[in-house]
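These notes are about the structure you will find just below.
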Amino acid sequence: MNVFNFLLRGWLIQKRLLGKYSFLLLLVLPLLFAAGLGRFAKEESGIASIALHLPENDPVADQVGEKLLGRESVFRFLSCASKEEALELVETGEADAAWLFSDEMEEALRELARKRRVRPLVKVVERRDSVPLILAREVLSAAVYPAFSYAVYESYVVEELGFAELDKETIHRTYESAAVSGSLFQMVYPDGSTGETEDFHYLQAPLRGILAIWLTFLGIVAALFFMQDEERGVYGRLSGIRRFFAFYGVGTMFLLDGTVILLLCCRLGGVFTNFWREVVCAAVFACCVLAFSNLLRLLSRKPKWLGTLLLPLGAAMLALCPVFFELQYFRAGKLLLPPWYYLYAVHDDFYLYGMAVYAAALILASVVLQWLQSRIGS
């Protein structure tokens with residue numbers, strides 16, 4: 001009978017929530033956002049647009065162009081037939097920068113390899129300096145380096161070793177035969193899974209962090225919802241401990257829907273990993289958010305005070321949790337925020353267990369605080 005009453009109460013709370021347009025909007029918006037982000041990730045885009053002018057009939061320029069234009073990148077490269085066209089794209093705002101390659105790249109590299117003189121290989125024209133364009137210059141250096149490496153090798157073979165009689169084809173063939181295939185880097189997470197299992201676009205990278213903050217806010221909305229009912233006397237007959245469990249019943253209905261939406265958004269947004277790993281992490285995270293929201297409810301004691309925490313709490317989570325970047329400081333502040341644990345727990349058991357311990361500590365602190373407030377008659 002108790003189980004039946006529990007399920008009946010849960011259904012009534014769920015029915016009440018789904019009858020509120022504001023709650024439905026809270027659930028639908030993340031789905032639209034995740035689906036849209038997943039769709040945009042498939043379109044051609046980049047953090048910066050760069051106009052390229054490569055000279056014709058230059059093997060070095062062809063090699064560099066193949067590296068830049070022949071693979072996916074976070075930068076959007078626009079091939080231009082002339083330097084004037086590339087500069088015009090920058091002037092009109094269609095490109096953030098223009099890379100104008102020298103018409104004598106091969107000869108300039110040979111002179112540099114022989115230490116005769118240094119001539120600029122690429123003229124970089126930018127509208128303004130920015131972090132993406134600084135990163136783009138690193139990509140440019142990586143694209144030009146193989147040609148420079150071969151020029152140094154050729155100069156050493158011909159001038160230092162004295163094999164001037166060798167033709168270029170033989171030197172190049174020998175150089176290529178010594179090339180090592182494969183990658184110097186292997187992407188591995190702390191749980192042993194490899195990065196090859198997740199092909200994320202740069203637009204999708206912050207999605208999980210945004211969803212984690214959204215679920216935390218949903219838990220606080222549950223606390224506000226419960227506190228408003230308290231002010232109307234809905235739980236007036238319940239003792240402190242029974243009211244404590246009543247909040248967890250109401251909050252569970254909020255976060256049950258929210259957790260399902262979180263998992264669906266990860267799937268729609270293209271950041272879903274392993275099914276059971278995702279479910280376990282999301283469930284523990286939901287428990288952690290529920291305990292965190294309950295503790296804030298008990299500390300604030302009034303809806304208006306809890307409402308004032310939303311803006312600073314959101315700013316703190318965006319700054320301290322690894323949503324867009326990771327700060328190396330304020331570790332004590334990070335340990336107080338549930339999303340910080342969740343974002344690492346997806347690939348690391350240590351943080352998953354840490355999140356469970358943190359949730360247990362929050363529940364214990366809430367029980368003690370609820371008991372103290374009951375004793376003093378609040």
Side-chain angles (χ1 to χ4, degrees), residues 36-155 168-169 171-172 175-176 179 183 185 199-206 270 324-325:
L37 200 62
R39 179 71 179 84
F40 289 142
K42 297 178 182 178
E43 300 292 334
E44 184 180 1
S45 62
I47 60 177
S49 297
I50 299 172
L52 295 179
H53 169 66
L54 296 164
E56 297 180 355
N57 302 321
D58 189 311
V60 175
D62 293 339
Q63 179 183 344
V64 173
E66 183 180 351
K67 288 185 175 295
L68 294 175
L69 300 171
R71 63 182 181 182
E72 293 185 2
S73 172
V74 296
F75 302 101
R76 183 167 170 256
F77 294 106
L78 309 172
S79 182
C80 300
S82 65
K83 296 180 181 180
E84 291 75 17
E85 180 185 352
L87 291 174
E88 184 179 355
L89 291 178
V90 176
E91 291 173 357
T92 58
E94 297 179 52
D96 299 292
W99 293 351
L100 310 177
F101 288 79
S102 170
D103 293 331
E104 300 176 350
M105 284 191 64
E106 188 172 12
E107 183 61 30
L109 280 174
R110 286 178 179 172
E111 291 178 353
L112 177 60
R114 294 168 184 170
K115 300 179 181 180
R116 292 182 178 178
R117 64 170 178 163
V118 177
R119 287 190 291 167
L121 293 175
V122 185
K123 182 179 181 180
V124 178
V125 181
E126 298 177 350
R127 299 181 64 194
R128 61 182 180 83
D129 206 2
S130 64
V131 173
L133 293 181
I134 294 174
L135 295 175
R137 288 175 220 149
E138 298 296 329
V139 173
L140 175 60
S141 299
V144 174
Y145 179 78
F148 172 68
S149 173
Y150 176 74
V152 172
Y153 167 80
E154 183 184 32
S155 174
K168 292 184 178 180
E169 289 74 13
I171 296 175
H172 187 268
Y175 178 82
E176 290 295 330
S183 175
F185 307 99
D199 186 16
F200 295 166
H201 194 269
Y202 74 95
L203 287 175
Q204 299 164 292
F324 298 99
F325 51 84

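The shortest non-hydrogen separation linking A97 to V90 is C-CG2, 3.6 Å. Considering all non-hydrogen atoms of both residues, L68 and A143 come closest at CD2-CB, 3.7 Å.
Listed by first then second residue, pairs satisfying side-chain hydrogen bond (donor to acceptor under 3.5 Å, both in side chains) with a partner in residues 83-95 read T92-E94, not counting sequence neighbours. Sequence neighbours left out, the pairs with a member in residues 137-148 that pass salt bridge (charged side-chain N to carboxylate O under 4.0 Å, His left out) are E126-R137, D129-R137.
Residue V122 forms a side-chain contact (heavy atoms from CB on, under 4.5 Å) with just one option from L52, L140, V64, and that option is L140.
For L87, the side-chain contact (heavy atoms from CB on, under 4.5 Å) partners at least two apart in sequence or on another chain are L100, V125. Partners of A51 by side-chain contact (heavy atoms from CB on, under 4.5 Å), not counting sequence neighbours, listed by chain and number: C80, A86, L89, A95, A98.
Between F75 and F77, the ring planes are tilted. Angles from 30° to 60° get that label.
Distance check, rounded to the nearest 0.5 Å: CH2 of W99 to NE2 of H53 gives 15.0 Å.
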